[in-house]
A.B. asks: 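Handing you a structure now.
Every chain is numbered from 1, with letters handed out A, B, ... down the list of sequences.
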Amino acid sequence: MFKISPEPIAPAALQRTLADARAGACVTFEGWVRNRNEGQPVLSLEYEAYAPLAEKEGGRIVAEARERFALLSAVCVHRVGHLQLGEMAVWVGVTAEHRGAAFDACRYIIDEAKARVPIWKKEHYASGATAWINCAVRGEHAIP
Amino acid sequence: MFKISPEPIAPAALQRTLADARAGACVTFEGWVRNRNEGQPVLSLEYEAYAPLAEKEGGRIVAEARERFALLSAVCVHRVGHLQLGEMAVWVGVTAEHRGAAFDACRYIIDEAKARVPIWKKEHYASGATAWINCAVRGEHAIP
Amino acid sequence: MITVNVQYFAILREQRGLAQERLATAAGTPEALYGELRARHGFTLPADRIRAAVNDEFVASSASLRDGDRVVFIPPVAGG
Amino acid sequence: MITVNVQYFAILREQRGLAQERLATAAGTPEALYGELRARHGFTLPADRIRAAVNDEFVASSASLRDGDRVVFIPPVAGG
């Protein structure tokens, strides 16, 4: 299950959906808005998603993780909107009988989601400048 | 920080202690009592610790993780007592600027804790039998 | 000429100044359409850094566009 | 002869039938003491699967025991 959420993520409720008597391991990843990126002080982050395709592509990533690793369940929720420092941008939770599969799958899901899911983030800096991450082009005076 | 807890683990409160404006990633591992081990139906698990040395050795493992990986914080709490199916036996939470360090450190801590910290578990089976895990010896009719 | 609906996100939405538009074009592929729109609106991202989606699925930049398609140009992603 | 305090955990506690005892021994090392106790109480775990701790620190099985030491024999661990 992969969802885009305009509302704050509620990790406790999400994690309860993973409960399974066969599960011996639960690994979660949370991405938080941090106060610096590549040396620049960050004040806040805007996330924007192309939601229908993001949920499709995210769902494919979760399905791939279930094929590759011996999982019992896997969920990823990605926030959109204007987030302040310390807010949760993404939550991934997986359960498995054994911890190796749970760690590997959790990492697979977040790595692939960051690389493939159509979500963009714009950093707002203390200087007043902003930048869409990964969208700078050679010659621009922007964040590489 | 590494603690032995005779009380149920409260992950939300533990995770709040990890909040840090510099943190971009939080990875947690939870070990849950599962209903089978090596093919045998399990009803419950007893955990016992040699608490003073467990907390010292656990503290060393957390310190090693902080040396090896670019962490901001790391906490591990291990439950003792008689646990029912689905209960949480161990919680590990780490934060870092970047997710790679957080995943690697979380896994390091749980792997080392399982191998080095003086904690033992006894499985209670549906058959009425019990077994201290890893304590069977050749020739015994016990769980390998 | 075909008529397509184009949706813009992130940096493209800001550079275009709107989130979607309906337009008539002679472009037969997403790549050709992006080139046309980039020239018109000054998009900074070169075509080789953009992916295309049609009707909510990724497509090759050389796919054929059809009348009524909903086209999205996808800047480099940065979730998490 | 020295007097030591021995604590038992897990399978050793069950096989001994108590959690701790104070005893006099001629054993000069944890290894020798475990051999003595194993013979007396029928512990199933061989010495090479046991680690020793003295005064809440791991020690080599060949470490010297001193009068008043608190000794713990550590069966194979299984946390998590």
A.B. asks: Side-chain contact, heavy-atom cut-off 4.5 Å: A:Phe103 with B:Cys106?
C.D. replies: yes
A.B. asks: Using non-hydrogen atoms and a 4.5 Å limit, figure out which bit of B:Val27 sits close to chain A: side chain, backbone, both or neither.
C.D. replies: both
A.B. asks: Under the side chain to side chain contact (heavy atoms under 4.5 Å, CB included) rule, collect the residues that match up with B:Ala115, sequence neighbours excluded.
C.D. replies: none
A.B. asks: Heavy-atom pairs under 4.5 Å with chain A are the metric here; pick the option from B:Gly86, B:Pro11, B:Ala102, B:Ala25 that has the most.
C.D. replies: B:Ala25
A.B. asks: To see if you've got the definition right, give the donor-acceptor pairs under 3.5 angstrom between chain B and chain A.
C.D. replies:
unit_1	atom_1	unit_2	atom_2	d
B:Gln15	NE2	A:Glu30	OE1	3.1
B:Gln15	NE2	A:Glu30	OE2	3.0
B:Ala21	O	A:Asn35	N	2.9
B:Gly24	O	A:Trp32	N	3.0
B:Cys26	N	A:Glu30	O	2.9
B:Cys26	O	A:Glu30	N	2.7
B:Thr28	N	A:Thr28	O	2.9
B:Thr28	O	A:Thr28	N	2.9
B:Thr28	OG1	A:Thr28	OG1	2.4
B:Glu30	N	A:Cys26	O	2.7
B:Glu30	O	A:Cys26	N	2.9
B:Glu30	OE1	A:Gln15	NE2	3.2
B:Glu30	OE2	A:Gln15	NE2	3.0
B:Trp32	N	A:Gly24	O	3.0
B:Asn35	N	A:Ala21	O	2.8
B:Arg99	NE	A:Asp111	OD1	2.8
B:Arg99	NH2	A:Asp111	OD1	2.9
B:Asp104	OD1	A:Arg107	NH1	3.1
B:Arg107	NH1	A:Asp104	OD1	3.1
B:Asp111	OD1	A:Arg99	NE	2.8
B:Asp111	OD1	A:Arg99	NH2	2.9

A.B. asks: Is it the side chain or the backbone of B:Ala12 that comes within 4.5 Å of chain A heavy atoms, both, or neither?
C.D. replies: neither
